[in-house]
Structure formats: C-alpha cells, structure tokens
Peer 1: 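Before I ask anything, here is the structure I am working with.
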Amino acid sequence: MDAYFTQFSGAIWWPMAYDLPLGEKQHFAKLKREAQTKRALFYIDKIDAPHVFPHAGPPAFYDDQLFSFNAKGQNDEAIFTDQVEFLNELKAARPDIKSHNFMPGTVVDINNGEVKVSQTLYTEDEITAIFDDKWGYFEMQRVERQVDLAEDRKKWATPASPEATLAEIKAWWEPLMKRAPLLCDGIGAMVKFTIGELEIVADFPKSEVRKYDDEAVRYWFDIPAELVATNLRDREIDWSNSIFLSVRFTAGRIGKFNEYLYTFMKCLSEQRIDYVQNWYESQSDDGQDVRLGDWLVQRRCPHLRADLSQAGSVEDGILTCSLHDWKFDLATGRCLTTQGHEIRASKI
Ligand code: FES
C-alpha cells in the first residue's frame with residue numbers, strides 16, 4: 001500500500017442529540033472523539049502505508065438550530081474532530097508516517113510508490129485561515145448557505161393530521177415488527193415518538209404501534225412533524241440516514257444504547273427486515289474460537305462479526321473490538337456497550 005485514505009471524524013448523533021445534562025454530553029463527546037482517533041490509528045497501523053490522508057469528515061451544520069454542533073461544539077459537546085486536529089494527533093502518535101491534509105482541491109498523484117500532493121483551490125494562507133479561525137469560517141458559510149437550506153426546506157412535506165400520521169405509521173411498521181421477532185426481542189421495550197403534537201408508542205414486545213398513554217418507556221424520540229411527514233411521503237426505508245444523521249431530533253433512553261432499535265429504524269421495508277431477521281438468526285457464533293491472551297473467545301464479534309483474532313484486544317478481562325469499539329466483560333460474557341450481544345469466552 002502506498003497511501004491510505006481513512007475516516008477519522010464522527011458521523012453519528014451521539015451525544016449531541018441526547019437528552020443529557022451538558023456536563024455529561026461534554027464527557028461523552030470527549031470519550032467519543034478519543035475512541036474515533038483510536039480507531040483511525042488502529043487501521044493506520046494495520047494498513048501500514050507510508051502516506052496517510054485523513055478524509056470523510058467532519059460534517060458541517062449551517063441550520064441555526066444545529067450550528068452549535070460544528071467541530072467540538074460551541075459548548076464542547078460535539079464529536080467532529082477536523083483534519084488539522086487529527087493530523088496533529090497523528091504526527092504526535094506516529095511521527096514516521098507522512099500525513100497530508102486532504103480537502104477540496106487536493107490532488108494526489110501516486111506513481112510507482114511516489115506520492116505527490118498539490119492543492120488547486122486554496123493557497124496555504126487560505127487553508128491556515130480556515131482552520132485558525134474555524135468559527136469565523138463556519139459563520140461565513142452559515143450566511144452563504146441559508147438560500148440552499150431554505151430551498152431544501154421547501155421540499156419538506158406538510159404534516160397530515162395526528163390521527164392520519166398515526167394510522168400511516170401503524171400500517172407501515174406493525175407488519176414489519178411481526179416479521180422480525182428477534183429484532184423486537186432485542187429492543188424488548190416500548191419506544192415513544194413525539195411527532196409535533198402527536199405522541200405514539202411503538203410497543204416492540206407486542207409488535208404494536210398506538211397512541212401514547214402515559215406509559216413508562218425505555219427509549220424516546222422527538223422528531224419534527226415535517227420531517228416525519230417527508231419520510232412518510234417518500235416512503236423512506238432508512239430513517240437513520242434520513243432523520244438521525246441530520247441531528248434534527250432529540251432522543252433519550254434509560255440504560256444502554258440499543259443496537260436493535262436503530263437497526264429497525266434503518267430497515268423499514270420487508271426486504272431489509274427479512275434480511276436482518278435472517279442475519280440475526282445466523283450470526284454471532286460460528287462455533288470457532290480464538291485465543292486472546294489468557295482467554296479463549298468466540299472468533300466472531302457478536303456485533304457485526306468482525307474477526308476478533310484481528311480486531312480484538314483484551315485488557316483486565318475486558319475485550320475491545322476495534323471495529324466499533326464495543327466492549328465485553330469476558331468473565332460474564334456481558335456486552336458493556338449495549339443490550340444483549342453476549343460473548344462466549346472462557347479463561348485458559
Ligand atoms: S464488529 Fe462492531 S464492535 Fe465488533
């Protein structure tokens with residue numbers, strides 16, 4: 001490998017969208033930024049290319065309600081490390097690697113192991129100015145992009161009545177819930193959705209969607225009615241992409257992150273939900289073991305089947321899978337990152 005192009009920044013709504021006190025958001029955001037850097041370094045080491053180009057991120061937010069989520073956040077509650085920050089971390093951690101700022105206008109010429117990098121859009125001074133006065137740059141972009149944002153908002157649908165919205169979601173989701181008992185078991189709780197004035201509950205143990213009736217729920221979302229109406233109109237099957245990644249919502253939960261719930265929200269079609277149901281049936285454990293230190297552990301990560309002989313590391317009885325940084329307590333088999341997903345392990 002001559003050059004490695006790697007994601008280094010986040011593409012997720014945690015913890016910004018969550019119903020948490022600011023101090024906790026700041027704490028979780030810091031942990032998330034550190035985990036992202038660690039993950040990028042892990043792959044950089046694995047690929048072992050002499051040249052590294054951090055790319056794919058960070059996102060930018062120019063809507064007034066979202067503006068504070070740029071970079072590390074106006075209140076230090078966001079997770080979006082920028083190129084220059086990551087390059088500095090990389091230089092400190094792996095001084096021998098030749099790392100390059102990869103941004104619009106960068107041209108990379110790779111020829112028989114020789115790597116040449118040039119920049120066709122910006123001068124050095126302009127690039128320095130962008131990163132030195134990042135919030136000034138965001139502000140300039142925010143003003144310029146308002147026209148595009150207004151145009152985009154015109155494409156949003158007008159919400160139907162609360163009754164019609166409930167009926168439409170019920171008719172769509174309930175048959176999907178019934179097709180995916182393993183997914184519903186994994187969620188194993190009621191989820192409240194506040195959509196404008198409408199409050200509904202998706203009761204996964206009963207595979208039912210109904211009006212919310214002051215019940216105790218474990219997870220909750222508050223999504224603008226226009227966004228839900230748009231996704232209903234477009235019959236969008238991946239609300240994780242079309243709503244959650246926009247960070248135009250708030251969420252809360254009791255307990256840990258529930259992978260199954262977000263999987264449901266990105267599989268809102270028969271084809272996808274069947275695939276997921278089959279996948280959960282077949283996944284997790286193919287019976288093979290690997291040795292990691294003093295432990296014999298199932299080879300496949302219970303999350304997305306990463307090969308733990310490559311992606312797993314054990315410290316003090318805690319296994320970390322570097323693919324998504326999930327952690328497992330090997331003595332009990334418990335996943336420390338989310339509900340379910342037990343791991344098979346025994347001490348040698
Ligand atoms: S595959 Fe995602 S954490 Fe292991």
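In each ligand, atom 1 is the first atom listed, and ligand 1 is the first ligand listed. Below, each value reflects all heavy atoms present in this structure, side chains not excepted, and no hydrogens, waters or symmetry copies.
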Peer 1: Which of these passes ring-ring contact (aromatic ring centres under 6.0 Å, His included) with Phe193: Trp173, Trp220, Tyr219?
Peer 2: Trp173
Peer 1: Give me the one residue out of Arg299, Arg300, Gln288 that meets side-chain hydrogen bond (donor to acceptor under 3.5 Å, both in side chains) with Asp307.
Peer 2: Arg299
Peer 1: Considering only heavy atoms of Ala306, which atoms of ligand 1 have at least one such atom less than 4.0 Å away?
Peer 2: 1 (S)
Peer 1: Going by an N to O cut-off under 4.0 Å, is there a salt bridge joining Glu85 and Lys134?
Peer 2: yes
Peer 1: Enumerate the atoms of ligand 1 whose separation from the nearest heavy atom of Cys301 is less than 4.0 angstrom.
Peer 2: 1 (S), 3 (S), 4 (Fe)
Peer 1: Does Val209 offer a backbone N or O that forms a donor-acceptor pair with the side chain of Glu174 under 3.5 Å?
Peer 2: yes
Peer 1: Looking at Leu323, which atoms of ligand 1 are within less than 4.0 Å of one of its heavy atoms?
Peer 2: 1 (S)
Peer 1: If you count the atoms of ligand 1 from 1 in the order shown, which ones are under 4.0 Å from a heavy atom of Cys321?
Peer 2: 1 (S), 3 (S), 4 (Fe)
Peer 1: Could you please spell out the steps behind the ring pair (Phe, Tyr, Trp, His ring centres under 6.0 Å) verdict for Phe264 and Trp239?
Peer 2: CA-CA 9 Å; Phe264 179 78; Trp239 288 26; 9.4 Å; no
Peer 1: Report, as yes or no, whether the 6.0 Å neighbourhood of atom NZ on Lys192 holds more than 12 heavy atoms from other residues, nucleotides or ligands.
Peer 2: yes
Peer 1: Starting from atom 2 (Fe) of ligand 1, look over the N/O/S atoms of His303 and name the nearest one.
Peer 2: ND1
Peer 1: For atom 2 (Fe) of ligand 1, what is the closest N, O or S atom on His324?
Peer 2: ND1
Peer 1: Counting non-hydrogen protein atoms only, what is the nearest one to atom 1 (S) of ligand 1? Give residue, atom name and distance.
Peer 2: Leu304 N, 3.3 Å
